[in-house]
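To start, the structure under review is shown below, and the notes come after it.
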Amino acid sequence: MYALVDCNNFYASCERVFAPQLEGKPVVVLSNNDGCLISRSQEAKDLGLKMGEPYHLVRPLLEQHRVQVFSSNYALYGDMSRRVVQVLSGLAGGVDVYSIDEAFLDFGGMNLLEPDLLTYGQRVHETVLQHTGIPTCVGIAPTKTLAKLANRLAPKTGPCRTVLLATPADWEPALARVPVGIIWGVGRRYARKLNEMGIMTGLELAQLPEHWLRRHLGGVVGQRLWRELHGQPCLEWNPTEWDDDQLQPGLASRHSVTCTRSFGRPQQQEAVLAEAVATFATKAAEKLRRYGMATHLVTVILGTDRFAPAAGPKTHTAVISLATSTNDTTILIKAALQGLRQLRRSDVAYNRAGVLLTGLEPEGQAQLGLFSNTAPDHQRSQQLMQAMDTLNTRFGRQLVRSAATGNAKNAVGQPQSPVWAGRSAHRSPCYTTGWDDMWQVR
DNA sequence: TCTGGGGTCCTAGGACCC
DNA sequence: TCTGGGGTCCTAGGACCC
């Protein structure tokens, strides 16, 4: 048996933990650049506000109902997520962290009988709430896909937040109640296709032959879905070990690392784009080192206005291949700037840029190139990166950095946001990760 | 004026290898 | 007339997830 624990309205709930006066009031959190609504409290959902809606379109409605608006604060949400995982790790035989706000628990081998499963799910909800202030729902079933369904059906209010679907007699009526698009793995495209064929509910989907799903829903992906809906576990279990020394979940492996951002306004100048791209390469390299990985493929991304009526591609990419795998910021910046020079057209203004790193491998395993990056160079590079990471972790993220990332100052010489930076007008403090933002208890 | 960011997996086709 | 079989790696595109 698996349990899926999903944090309710996670980002909005994080903000509320530190602003309890907002309990019971509508709250929304915006995406980067204050672009779209990406999290809504229940009260905000009840006002008819939709996920992903552009902020500028719903602003009048938000003001009319005095909705509290936050820019996204990923330092806060990431740390709250870490705390939730810490609690969950103490409550189950195994944890599989699926995203920033949800995790599967392994309830097998815990000697829980059926009525106890429900009680234990409740205990998980109560413990997470007590230790972190974050409300959750719990869904329990023999496969991940059915646990997802159980979670969806769990009440968001009231004392009981757990649903158990233990046998076909439990999950078949549940499947019959939900539209097919609710099922995990059925997105908008498949839902429309299925509806056009007259398949409207989860149960109608489950009752089709297995080979039909293989044929029409993405090959083996569809076949796995069929089996999962019949109680046969097909999706992998990826355990996340809690690291007691680091007080954080163990790092999962990665196949790619990206850092992309929309600009506050379109940018045309080479110098500005170069600072932005160097900054994204720096962030991506830091992430790579945190994961203990190295890359040999650097992709630079430039994007024009996605909503412009003009035809043609809105995203352009250039790939730079490195002779040797590395996670050295200076090398990755050089490669990214080379890609930028290849890509950039002087008569175009860009709304977005980014850096994508692929071809990842564990850093120790990286082969030395035949003609480059001799061993002593490699060692010096590692020492330099380690020194920079140590200083930046201890004294603040941007303390030591490459000059290529820019050095914007205001009229009195204070550092200020670069010209390409996006909007973030409603950012909350970093309550749990910044010394200056910490709460004081008198 | 104004619309996010970061991932995953699968398939098909082509180049290349023995 | 008549040209194998079994792989890997890469890319692009399409679907999905949060």
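Note on naming: letters A, B, ... go to the chains in the order of the sequence lines (proteins, then strands), and numbering restarts at 1 for each one. Everything numeric here is computed off the predicted structure, so don't read it as measured data.
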Looking only at the aromatic ring of each residue, does the gap between the centers of [Y] and [X] stay below 6.0 angstrom?
{"X": "A/Tyr11", "Y": "A/Tyr74", "value": "yes"}
{"X": "A/Tyr350", "Y": "A/Trp420", "value": "no"}
{"X": "A/Phe104", "Y": "A/Tyr2", "value": "no"}

Grab the [atom1]-[atom2] distance between [X] and [N] for me, whole Å please.
{"X": "A/Ile182", "N": "C/dC16", "atom1": "CD1", "atom2": "C1'", "result": "15 Å"}
{"X": "A/Ile320", "N": "C/dT11", "atom1": "CD1", "atom2": "P", "result": "13 Å"}
{"X": "A/Tyr77", "N": "B/dG6", "atom1": "OH", "atom2": "C1'", "result": "16 Å"}

From [options], nucleotide with atom closest to [X] side chain:
{"X": "A/His56", "options": "B/dT3, B/dC10, C/dC18", "result": "B/dT3"}
{"X": "A/Val257", "options": "C/dC18, B/dG6, B/dG7", "result": "B/dG7"}
{"X": "A/Tyr190", "options": "C/dA15, B/dG7, B/dT3", "result": "C/dA15"}
{"X": "A/Arg189", "options": "B/dC10, C/dC18, C/dC16", "result": "C/dC16"}
{"X": "A/Thr258", "options": "B/dG7, B/dC10, C/dC18", "result": "B/dG7"}
{"X": "A/Ser256", "options": "B/dT8, B/dG6, B/dT3", "result": "B/dT8"}
{"X": "A/Cys259", "options": "B/dT3, B/dC10, B/dG6", "result": "B/dG6"}

Assign [X] to base, sugar-phosphate, or nothing according to its heavy-atom contacts below 4.0 angstrom with the strands shown.
{"X": "A/Arg265", "value": "nothing"}
{"X": "A/Asp34", "value": "nothing"}
{"X": "A/Tyr98", "value": "sugar-phosphate"}
{"X": "A/Glu53", "value": "nothing"}

Which whole number of Å gives the distance between the C1' atom of B/dC17 and that of C/dG4? 14 Å
Here's a test of your reading of the structure: between A/Ser253 and A/Arg352, which maps to the more 5' nucleotide of DNA chain B? A/Arg352
[X] side chain N/O closer than 4.0 Å to the phosphate oxygens (OP1, OP2) of [N]?
{"X": "A/Ser262", "N": "B/dG5", "answer": "yes"}
{"X": "A/Lys148", "N": "C/dC18", "answer": "yes"}
{"X": "A/Arg224", "N": "B/dC9", "answer": "no"}
{"X": "A/Arg261", "N": "B/dG6", "answer": "yes"}
{"X": "A/His255", "N": "B/dC9", "answer": "yes"}
{"X": "A/Lys287", "N": "B/dG5", "answer": "no"}

Counting C-beta onward and ignoring hydrogens, is there a side-chain heavy-atom pair between A/Ser346 and A/Glu270 closer than 4.5 Å? no
Check the surroundings of atom CD in A/Gln269: do more than 12 heavy atoms from other residues, nucleotides or ligands lie under 6.0 Å from it? no
Under a 3.5 Å cutoff, is there a donor and acceptor pairing between the side chains of A/Thr315 and A/Arg352? yes
Can you tell me the pairing partner of C/dG5 across any strand shown, Watson-Crick or G-U wobble, with both distances under 3.5 angstrom? B/dC18
